[in-house]
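Here's the structure we're looking at; comments come further down.
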Amino acid sequence: MLISLHKQVALVTGGSSGIGAASAIALAQAGAAVVVNYRSGREAAQRLVEEIRSAGGEAIAVGADVSSEKEVEALFAETVSAFGRLDILLANSGMQRDAPTVDMSLEDWNQVLQVNLTGQFLCVRAALRQFRQQEIREAVSRAAGKIIQMSSVHQLIPWAGRANYAASKGGLDLLMRSVAQEVGEQRIRVNAIAPGAIRTAINREATEGEAAKSLLELIPYGRIGDAEDIANAVVWLASDAADYVHGTTLFIDGGMSLYPEFRDNG
Ligand code: BGC
């Protein structure tokens with residue numbers, strides 16, 4: 001099956017850099033009109049939109065902080081006023097504020113939970129409300145709407161010094177599966193992707209130089225991932241090729257979640 005997202009509208013939160021930016025490009029290449037949401041990366045988002053347009057695609061950039069209910073509502077309203085509907089939500093915004101738990105400030109805890117978990121809840125809720133108002137267009141897509149939540153291997157792997165981040169991703173797992181259970185009968189597909197170590201701004205220090213060597217010991221497949229590794233899966237999950245995939249988390253991590261430290265044990 002050839003993948004086409006023609007006549008579909010995709011919204012990518014946190015779309016101005018990293019996995020979000022690569023996914024926005026891939027979705028546009030597959031034919032979707034793309035809304036690139038950013039919080040602080042206005043110029044980067046605008047550049048990305050230009051890149052998509054000059055390759056013949058459709059895109060706009062819209063600023064919004066996903067942890068603000070009002071801004072999320074405005075973001076979805078702008079999406080629908082620009083492109084008439086929404087077919088695909090990639091809830092991708094995320095952040096880290098690392099600290100040992102004993103020293104972690106309440107602010108660092110709250111900020112990470114508000115963006116990574118509450119922010120996805122707000123976007124998922126807004127997408128569901130929009131999907132409810134739309135008709136299924138069988139010729140375009142078998143589903144009434146598709147939601148992809150960006151999680152992490154740390155929804156499974158505990159992460160010392162990042163309890164806020166790991167807790168937010170663990171929460172996302174049950175958010176995703178509960179919503180999937182709730183809305184499947186409306187032909188809305190809900191899934192998540194759990195990336196491993198992907199070379200982006202969030203982990204620049206860990207993926208460069210000497211640090212990269214010890215990181216590689218945690219990756220059986222032997223390479224650090226690229227944002228495109230995730231973007232390819234986003235396009236597939238959003239498409240009818242994945243029409244029976246619902247309530248699942250796809251780990252895309254080069255095997256990081258396989259407990260590689262047990263390789264040479266015993
Ligand atoms: C984190 C990265 C980290 C990776 C693997 C991701 O969720 O954002 O900083 O490198 O997990 O540990």
Legend entry - D229 side-chain N/O to I252 backbone N/O, donor-acceptor pair under 3.5 Å: no
Legend entry - Exam field: side chain Q155 to backbone S168, donor-acceptor pair closer than 3.5 Å: no
Inset, instruction - Mind listing the closest non-hydrogen atom pair of A238 and I148 along with its distance? - result: N-CD1, 3.9 Å
Inset, instruction - Decide yes or no for V62 and V36: does some side-chain heavy atom of the first lie under 4.5 Å from some side-chain heavy atom of the second? - result: no
Inset, instruction - Test V72 against E69 for side-chain contact (heavy atoms from CB on, under 4.5 Å), laying out the working first. - result: CA-CA 5 Å; V72 167; E69 186 175 29; 6.0 Å; no
Legend entry - Cluster overlap L89 with V245, hydrophobic side-chain contacts below 4.5 Å: no
Legend entry - Distance-only polar pair, side chains of T118 and Q114, donor-acceptor under 3.5 Å: no
Inset, instruction - Might you point out which heavy atoms bring A127 and F76 nearest each other, and give the distance in Å? - result: N-CE2, 3.5 Å
Inset, instruction - Without swapping roles, check the side chain of H246 against the backbone of N191 for a donor-acceptor pair under 3.5 Å. - result: no
Legend entry - Nearest-0.5 Å distance that lies between atom CZ in F131 and atom CD in Q133: 11.5 Å
Inset, instruction - Verify, without hydrogens or angle tests, whether R189 (side chain) and L237 (backbone) share a donor-acceptor contact under 3.5 angstrom. - result: yes
Inset, instruction - Could you tell me whether D87 and K7 make a salt bridge, using a distance below 4.0 angstrom between a side-chain N and a carboxylate O? - result: no
Inset, instruction - Flag the pair T249 / M176 as yes when at least one side-chain heavy-atom distance between them is below 4.5 Å, and no otherwise. - result: yes
Legend entry - Heavy-atom pair of closest approach, residues A45 and A61: CB-CB, 3.9 Å
Inset, instruction - Indicate yes or no for a side-chain donor-acceptor contact from R162 to the backbone of A160 under 3.5 Å, with no hydrogens or angles considered. - result: yes
Legend entry - Separation between CG of L113 and CZ of F121, rounded to the nearest 0.5 Å: 14.0 Å
Inset, instruction - Answer whether the closest heavy-atom distance between the side chains of L216 and K213 falls below 4.5 Å. - result: no
Inset, instruction - Identify whether V35 and L90 are in the same connected component of the hydrophobic contact network (ILVMFWY, side-chain heavy atoms under 4.5 Å). - result: no
Inset, instruction - First locate atom CG of D108, then atom CG of D103, and finally report the distance between them rounded to the nearest 0.5 Å. - result: 10.5 Å
Inset, instruction - Flag the pair K169 and D173 as a salt bridge only when some basic side-chain nitrogen lies within less than 4.0 angstrom of an acidic carboxylate oxygen. - result: no
Inset, instruction - Answer yes or no: is there a donor N or O on one side and an acceptor on the other, between the side chain of R53 and the main chain of A59, under 3.5 Å? - result: yes
Legend entry - Donor-acceptor under 3.5 Å (E71 side chain, D65 main chain): yes
Legend entry - side chain to side chain donor-acceptor pair (under 3.5 Å) partners for R187, two or more places apart: E138
Inset, instruction - Please round to the nearest 0.5 Å and tell me the distance separating atom CG of L75 and atom SG of C123. - result: 6.5 Å
Inset, instruction - Please round to the nearest 0.5 Å and tell me the distance separating atom CD1 of I193 and atom CE of M150. - result: 4.5 Å
Inset, instruction - Please list, chain by chain and in numerical order, all residues satisfying side chain to side chain donor-acceptor pair (under 3.5 Å) with K70, sequence neighbours excluded. - result: none
Legend entry - Check: L156 and F251 side chains under 4.5 Å, non-hydrogen atoms: yes
Legend entry - Residues R125, E73: salt bridge by 4.0 Å N-O rule: yes
Inset, instruction - May I ask you to decide if I198's main-chain N or O and N203's side chain share a donor-acceptor pair within less than 3.5 Å? - result: yes
Legend entry - Euclidean distance, L250 CG relative to S151 OG, rounded to 0.5 Å: 11.5 Å
Legend entry - R199 and E228 ion-paired at < 4.0 Å: no
Legend entry - Single-linkage hydrophobic cluster V115~W109, side-chain heavy atoms < 4.5 angstrom: yes
Inset, instruction - Please tell me if the side chains of I219 and I224 come closer than 4.5 Å, counting only heavy atoms from C-beta onward. - result: yes
Inset, instruction - Determine whether L172 and I230 fall in the same hydrophobic cluster, where Ile, Leu, Val, Met, Phe, Trp and Tyr are linked whenever their side-chain heavy atoms lie under 4.5 Å apart. - result: no
Inset, instruction - Check whether any side-chain N or O of N164 sits under 3.5 Å from a backbone N or O of R97 as a donor-acceptor pair, and report yes or no. - result: yes
Legend entry - Minimal non-hydrogen separation, I188 against A144, with atom names: CG1-CB, 4.2 Å
Legend entry - F83 side chain near I60 side chain, heavy-atom distance below 4.5 Å: yes
Legend entry - Flag, side chain of S178 to backbone of L175, donor-acceptor distance under 3.5 Å: no
Inset, instruction - If the plane angle is over 60° it's perpendicular, under 30° parallel, otherwise tilted; pick one for Y165 and H154. - result: perpendicular
Legend entry - Enclosure of Q181 CD (heavy-atom neighbours >12, cutoff 6.0 Å): no
Inset, instruction - Before accepting this row, confirm whether a basic side-chain N of the pair D243/R142 lies closer than 4.0 Å to the acidic partner's carboxylate O. - result: yes
Inset, instruction - Verify the cluster assignment for I202 and V112: are they in a single hydrophobic cluster under the rule of side-chain heavy atoms below 4.5 Å apart? - result: no
What side-chain donor-acceptor pairs closer than 3.5 Å can you find for residues 11-29, not counting sequence neighbours?
{"unit_1": "T13", "atom_1": "OG1", "unit_2": "N92", "atom_2": "N", "d": "2.8"}
{"unit_1": "T13", "atom_1": "OG1", "unit_2": "S93", "atom_2": "N", "d": "3.1"}
{"unit_1": "T13", "atom_1": "OG1", "unit_2": "S93", "atom_2": "OG", "d": "3.2"}
{"unit_1": "S23", "atom_1": "OG", "unit_2": "I19", "atom_2": "O", "d": "2.7"}

Inset, instruction - Verify side-chain contact (heavy atoms from CB on, under 4.5 Å) between M95 and N116, making sure each step is shown before the conclusion. - result: CA-CA 7 Å; M95 62 180 295; N116 295 11; 3.7 Å; yes
Legend entry - V183 side chain reached by R132 side chain, heavy atoms, under 4.5 Å: no
Legend entry - Test side-chain contact (heavy atoms from CB on, under 4.5 Å) applied to L215 and M256, step by step: CA-CA 10 Å; L215 183 58; M256 190 177 234; 3.9 Å; yes
Inset, instruction - Please tell me if the side chains of V124 and Q149 come closer than 4.5 Å, counting only heavy atoms from C-beta onward. - result: yes
Inset, instruction - Under the side-chain contact (heavy atoms from CB on, under 4.5 Å) rule, what do Q130 and T79 come out as? Steps first, then yes or no, please. - result: CA-CA 10 Å; Q130 179 56 34; T79 299; over 6 Å; no
Legend entry - Which atom of A30 lies closest to which atom of V235, heavy atoms considered: CB-CG1, 3.9 Å
Legend entry - Any donor-acceptor N or O pair under 3.5 Å, side chains S239, K146: no
Inset, instruction - Verify the neighbour count for atom CD of E107: are there more than 12 heavy atoms of other residues, nucleotides or ligands below 6.0 Å? - result: no
Legend entry - Enclosure of E43 CD (heavy-atom neighbours >12, cutoff 6.0 Å): no
